[in-house]
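To keep things clear, I will list the structure first and then write my remarks on it.
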Amino acid sequence: MINPTFRPAVPDDASMCIAIRGLTRENAFSEEDLRALGITAQSWSAGIQDGSSPGFVACLDGRMIGYCFGDRDTGEITVLALLPAYEGRGIGRTLLGLMIEDFKRKGFKRLFLACASDPDVRSYGFYRRLGWTATGEQDAYGDDILELSIEQ
């Protein structure tokens with residue numbers, strides 16, 4: 001039984017977030033891949049610092065094992081990432097729940113995210129089991145746009 005701790009992200013977490021993103025089992029993005037999208041440790045850190053990219057991290061024995069971030073202005077869940085060894089233990093669900101509650105406190109009534117359109121990818125079923133529904137839209141990468149209505 002593991003007992004991770006959860007806390008709001010701080011700017012110094014950005015470098016480890018970049019590293020973990022490249023280690024995920026599905027949909028991994030290396031540091032170079034992220035840089036090509038304009039995402040660097042510096043830009044990620046700045047988003048945490050100015051509050052435009054709030055997030056939560058999960059830690060075990062002082063080491064980050066996963067995280068979830070969103071976009072403060074739009075209510076988009078921009079990323080949920082977890083090291084493969086910790087999948088299936090409710091950690092991702094808890095991180096997502098923390099982000100949803102944060103956005104709920106900020107007054108959002110609808111959240112959205114982009115998710116793999118392939119039913120064989122874990123995230124496809126993960127979000128749908130948690131109540132996220134397809135909007136019928138897709139992003140530029142062919143991912144489904146899912147939404148979640150949240151009550152105040």
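Quick note: residue numbers are just sequence positions, from 1.
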Could you measure the distance from the CE atom of Met64 to the CE atom of Met16? Nearest 0.5 Å is fine. 6.5 Å
Cys68 and Leu80 have their tightest heavy-atom pair at CB-CD1, 3.7 Å
Is any side-chain heavy atom of Tyr67 less than 4.5 Å from a side-chain heavy atom of Leu82? no
What is the distance from atom CZ of Phe108 to atom OG1 of Thr74, rounded to the nearest 0.5 Å? 6.0 Å
Side-chain touch Leu130/Leu96, heavy atoms, less than 4.5 angstrom: yes
Could you check if a side-chain atom of Asp143 sits within less than 4.5 angstrom of a side-chain atom of Gln138, using non-hydrogen atoms only? no
Any side-chain heavy-atom pair from Thr40 and Ser43 closer than 4.5 angstrom? yes
Let me see the working for Thr133 and Leu146 under side-chain contact (heavy atoms from CB on, under 4.5 Å), right down to the final yes or no. CA-CA 5 Å; Thr133 57; Leu146 305 183; over 6 Å; no
If only atom types and distance count, is the side chain of Asp71 paired as donor or acceptor with the main-chain N or O of Gly75 below 3.5 Å? no
Can you tell me how far CD of Glu101 sits from NZ of Lys106, rounded to the nearest 0.5 angstrom? 11.5 Å
Check against salt bridge (Lys or Arg N to Asp or Glu O under 4.0 Å), Arg7 and Asp13: CA-CA 11 Å; Arg7 62 169 173 78; Asp13 292 330; 2.8 Å; yes
Indicate if Tyr141 and Val79 have the same hydrophobic cluster label, given that clusters are the connected sets of ILVMFWY residues with side-chain heavy-atom separations under 4.5 angstrom. yes
Report yes if some heavy atom in the side chain of Leu95 is under 4.5 Å from a heavy atom in the side chain of Phe6; otherwise report no. yes
With ring centroids as reference points, do Trp44 and Phe69 lie under 6.0 angstrom apart? yes
Kindly compute the distance separating CG (Asp139) from CD (Glu76), expressed to the nearest 0.5 Å. 8.5 Å
So, for Ala9 and Ile48, which heavy atoms are closest and what is the spacing to 0.1 Å? O-CG2, 3.6 Å
Heavy-atom nearest pair, Ala81 first then Ile20, reads CB-CG2, 4.3 Å
Between Arg128 and Asp144, does any side-chain N to carboxylate O distance fall below 4.0 Å? yes
If you take all heavy atoms of Ser117 and Gly142, which pair is closest and at what distance? OG-O, 3.2 Å
Sorted by chain and number, sequence neighbours left out, ring-ring contact (aromatic ring centres under 6.0 Å, His included) with Phe56 holds for none
Is it true that Asp102 and Arg72 make a salt bridge, defined as a side-chain N closer than 4.0 Å to a carboxylate O? no
So does Asp50 have more than 12 non-hydrogen atoms from other groups sitting under 6.0 Å from CG? yes
When rounded to the nearest 0.5 Å, the distance separating OH of Tyr127 from CZ of Arg93 is 12.5 Å
Side-chain heavy-atom pair Trp132, Leu113 within 4.5 angstrom cut-off: yes
Do Pro54 and Met99 come within less than 4.5 Å of each other through their side chains, counting heavy atoms only? yes
Backbone N/O of Pro11 and side chain of Ser45: donor-acceptor pair under 3.5 Å: yes
Do Ile39 and Val57 share a hydrophobic cluster (ILVMFWY, side-chain heavy atoms under 4.5 Å, transitive)? yes
Ile91 side chain reached by Ile2 side chain, heavy atoms, under 4.5 Å: yes
Atom pair CD1/CZ of Ile77 and Phe103 - distance to nearest 0.5 Å: 5.0 Å
